[in-house]
Amino acid sequence: MVPYHEILDEEELKFVLEHYNIGKEHLPKIKVKDPVIKEIKAQVGDVIKITRKSATADEAIIYRLVIG
Amino acid sequence: MIHSVPKRIGQIKFGFISPKEFRKMSVTRVITADTYDDDGFPIDMGLMDTRLGVIDPGLRCKTCGQRAGECPGHFGHIELVAPVIHIGFAKLIRKLLRAICRSCGQLLLTPNEKTKYLEEIRAKVEIGHSIDDVVNTVFKESRKAKKCPYCGEEQIDIKFEKPTTYLEDKHKLMPADIRDLFEKIPDDDVEVMGMDPASARPEWMLLTVLPVPPVTMRPSITLESGQRSEDDITHKLVDIIRINQRFQENREAGAPQLIIEDLWELLQYHVTTFIDNAVSGVPPARHRSGRPLKTLSQRLKGKEGRFRGSLSGKRVNFSARTVISPDPNLSISEVGVPEATAKELTITMNVTQHNINDAKEYVARGPERHPGANYVIRGDGRRVKVTDKNSLELVEAIETGWKVERHLKDGDIVLFNRQPSLHRMSIMAHEVKVLPNKTFRLNPAVCPPYNADFDGDEMNLHVPQTEEARAEAKILMHVEHNILSPRFGGPIIGGIHDHISGLYLLTNRDKKIYKPEALELLKKSSIKELMEPAGYENGKPYWNGKQIFSMILPDGLHLTFQAEMCEHCEECTKGECERDAYVVIEDGILKHGSIDEKAIGAFKSKILDKIYKEYGEENARMFVDDATRLGIRAIMRMGFSFGIDDEDVTAEADVQIGEVLSEAEERVTKLIMAYSAGELEQLPGRSLDETLEMKIMQELGRARDSAGDIAGRNLGLSNSAVIMAQSGARGSMLNLTQMAGCVGQQAVRGERIQRGYVGRTLPHYETGDLGADARGFVKSSYKTGLSATEYFFHAIGGREGLVDTAVRTSQSGYLQRRMVNALQDLEVQYDGTVRDTRGMIVQFIYGEDGLDPMKGDFGTRESIRRIINLHSNDTVNHASHRAKLLALSRPNQSENQVHR
Ligand SMILES: [Mg+2]
Ligand SMILES: [Zn+2]
Ligand SMILES: [Zn+2]
Ligand SMILES: [Zn+2]
């Protein structure tokens, strides 16, 4: 039911930010008190990668910045 | 030209203006309510003081020294004798009064609580989040205190009486008292309540100084009689100053408290209505004529206010609006423009070596004869009006570097629009065709994207004024480019009504068409040669309708689909379909099937969709043009009409329908009897009453359908209404059922009609009658006519439909506005991401798949299948056909383009 969430490691994060030519603050956000964030034990400032089903593309990848 | 660097707004901060600031920004204090002296000169320290700016030509502003038009105007101020409440803050004042101590003015929270909330607020501000939640808790918690934790004062609940009265145990708090109390609130407490004490001290919500807006924003107008008429805001300011003066005089004379309070109240009223003249509980201030005054809020609020009326939307030049009417001989990408309009709207030509002769021709013809010119702009920038008198003189003088404002002429690109502009196809670029008479003309095939009809609809036309604008219009907004809708990836432009009936009549089954007829049918298309005849009769060649239609199909087109009229039989016989509903097109030849809505209709056309995607937009446009013209010629050749007697059914059928209906009624009666006897079996999840209603509805619905079937069968497939319904041209079998068979159950909110009198719908029925006729079943057909009770029920059901549409349009309009406001600045970037203006990512790939929905096939992702088919179908052959087609595309088209 809940799409797959994972914390991005340094290297991946660097790659993502460089790929989109953005800073972390330009990413969509997610609250640290979100149950799924508690579950994967992410901290404020982490960037997570969400892999979820999509109606248009079978699978979509979204990155979010964890905020307080 | 001056190019300024766009500046980025870093931050916007809202606050209150302090009395100090009001005085600082003021250029003069206003003390007298008079405006002009006897010589018509503005009075010093009056409302029209020339330091406040000037509006009379000839005068100079005493503040900035500029003339009327140059001077932006400057604020003045009025010193109010006593503070009054700013009506915009009445609710906030109430909140504050309840949150602070009535004696020492401290926020009624413990120091610990204050620090806690303050930290929360600062943290939220840091990350740019809303502090509303915290602030609301602060107000909620502080209101609970019964005793001040600082001075020990008992707190009294504050009652608020709209609009501006605050009561403390029936004792009225005067604005001055409130102001004094607010002054005592410590800065730290102000911050806990979510305000910035530096820019928003609470006591500033009570006005002691009132700014006087510059005269430039309230100019007086001189009437024809020579009398001056002042702006509403000036009138209001006059009232305020008068009362303010009287107040002061009375107070100085030591008038009794009662009188002072009355005057105070009056001053409050005038200041309130000066700010907002539509506050509930305050009678609006009126003009002598009885018209309510338009004061500050009224200038900003609503549809005609500053935001929606002057900033988001405004009136523009180079535009025209008139009634539309149809012209099937125009291309879908053309628009017929009345000559009178074309002579009024202009395009600025930059005169160069290449067009100087054209320019001279336009100027020579002058403003009256059509493609002429209205103005020339000389090398030095002076605009000269072209008249019959000076035209020849100007022709001689024209040289490169001049500009000529020439009339709109054939082939010019213009934008054409019909409100409500709900999607991008509501504004498309058309090519002008100047025509006689006074209406805009358009091809009926472009009605669907505009949702236009010709019952009096009006449309707007705009003439782009720069080369860039014209290029953008042509590349992005041209009708050809908008044949497919991004909403569902299919064509939104296409045949309607008679186009569909016509092509259906032409292609359904085999009809013999001899040469003169065939030529006549294809006369208006680009076809120059007939194909091999289908056969000979008495030595004369003949063709069939399918062949004629095939002539306008591009070579190499392969397509198979089920027509609109297909009945989806259990087992499709395909080519042998007895209704000719299985369409097969091979190499541009229609082999089987009839052309109907599914083939060429707007929203549904399979053929147009395929041509657009595989042969390009220009060929798609040519196909629509040819198909609609052919359809219209076909329907004219064959003849097609619908009259009242087309709804006649045989006496036999009448009897049958009657039987079906009375049997149904009998069954309904039985159901009701079973219900009253308690024998009705309850459906799972339904009450007994609901079960009965459902069963009755089912029974009557079935009866109506079978009545319709009988009528439909009786009318036969050759009946015009049946043809229109089956081919999808207009109307449905339900419409036919209601006309010839039985109108059926009238419903309100999906249920049989229950309302009216106690226990019954009309006095014609017994109380508690649940029978078919007593609850709105209309047994008659529209042809036979309705009985009085049936008519009444029909009106009830019909009204619901009207109310629904009215409610729906207003709701969807509001939703649309909010959506547009929220989404208007989002942009798909070159890297495929969707971002807002701050560069925040909204989607990592547009639509998560990065695809243009317009180019998908009817919203599916199956384009790939089509492309594979396309390339497996003898690629070489296809390419050659394509080349041929391009070469063939309209020799006369290039003629039009020479002068552009
Ligand atoms: Mg209309
Ligand atoms: Zn000035
Ligand atoms: Zn206190
Ligand atoms: Zn079939």
Side-chain angles (χ1 to χ4, degrees), chain A, chain B residues 8 10-11 116-134 486-490 822-823 825-865:
Chain A
M1 281 289 278
V2 179
Y4 184 63
H5 289 60
E6 61 192 309
I7 305 174
L8 277 192
D9 63 37
E10 280 297 311
E11 204 177 317
E12 286 171 305
L13 174 61
K14 195 170 155 249
F15 175 78
V16 168
L17 296 184
E18 262 168 32
H19 177 78
Y20 291 107
N21 191 24
I22 50 167
K24 264 201 233 174
E25 68 282 3
H26 289 110
L27 293 169
K29 316 280 186 294
I30 189 164
K31 286 218 170 155
V32 72
K33 69 179 180 199
D34 192 296
V36 77
I37 295 302
K38 283 182 185 160
E39 179 64 31
I40 64 169
K41 300 189 176 66
Q43 306 294 315
V44 173
D46 283 347
V47 172
I48 55 158
K49 174 181 178 182
I50 305 165
T51 311
R52 66 175 180 217
K53 281 192 186 132
S54 158
T56 49
D58 295 322
E59 201 174 78
I61 293 171
I62 284 96
Y63 304 96
R64 281 174 186 268
L65 173 66
V66 181
I67 56 159
Chain B
R8 186 167 281 272
Q11 199 176 41
K116 190 187 109 204
Y117 289 126
L118 200 58
E119 269 167 19
E120 273 181 43
I121 288 175
R122 285 182 179 155
K124 294 240 172 184
V125 171
E126 186 83 7
I127 53 168
H129 278 208
S130 165
I131 57 166
D132 290 357
D133 288 350
V134 188
R487 193 171 76 212
F488 52 86
L823 299 174
D825 293 320
L826 301 188
E827 219 176 44
V828 182
Q829 307 294 332
Y830 284 109
D831 66 357
T833 57
V834 180
R835 304 193 193 193
D836 67 9
T837 44
R838 298 174 299 167
M840 298 286 223
I841 292 187
V842 175
Q843 282 184 344
F844 287 88
I845 305 169
Y846 171 66
E848 292 183 343
D849 57 4
L851 295 181
D852 179 352
M854 186 173 117
K855 288 172 182 140
D857 290 359
F858 286 95
T860 64
R861 281 185 284 153
E862 291 189 356
S863 316
I864 191 73
R865 201 166 297 164

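Reminder, nothing fancy here: chain letters follow the sequence lines and each chain counts from 1.
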*Of the backbone (N, CA, C, O) and the side chain (C-beta and beyond), which part of B/Arg835 lies under 4.5 Å from a heavy atom of chain A, both, or neither?*
side chain
*Counting only heavy atoms not in A/Asn21, do more than 12 fall under 6.0 Å of its CG?*
no
_For chain B, which candidate among A/Ile67, A/Ile62, A/Leu27 shows the most heavy-atom pairs at distances under 4.5 Å?_
A/Ile62
*asked:* Tell me if a side-chain donor or acceptor on A/Ser54 pairs with a main-chain N or O of B/Glu848 at a distance below 3.5 Å.
replied: no
*asked:* Any heavy-atom pair between the side chains of A/Ile61 and B/Phe844 that's under 4.5 Å?
replied: no
_If you count heavy atoms of other groups shown closer than 6.0 angstrom to NZ of A/Lys14, is the number above 12?_
no
*So which part of A/Arg64 gets closer than 4.5 Å to some heavy atom of chain B, the side chain, the backbone, both or neither?*
neither
*A/Glu25 CD to B/Ile841 CD1 distance, which is reported to the nearest 0.5 Å*: 10.5 Å
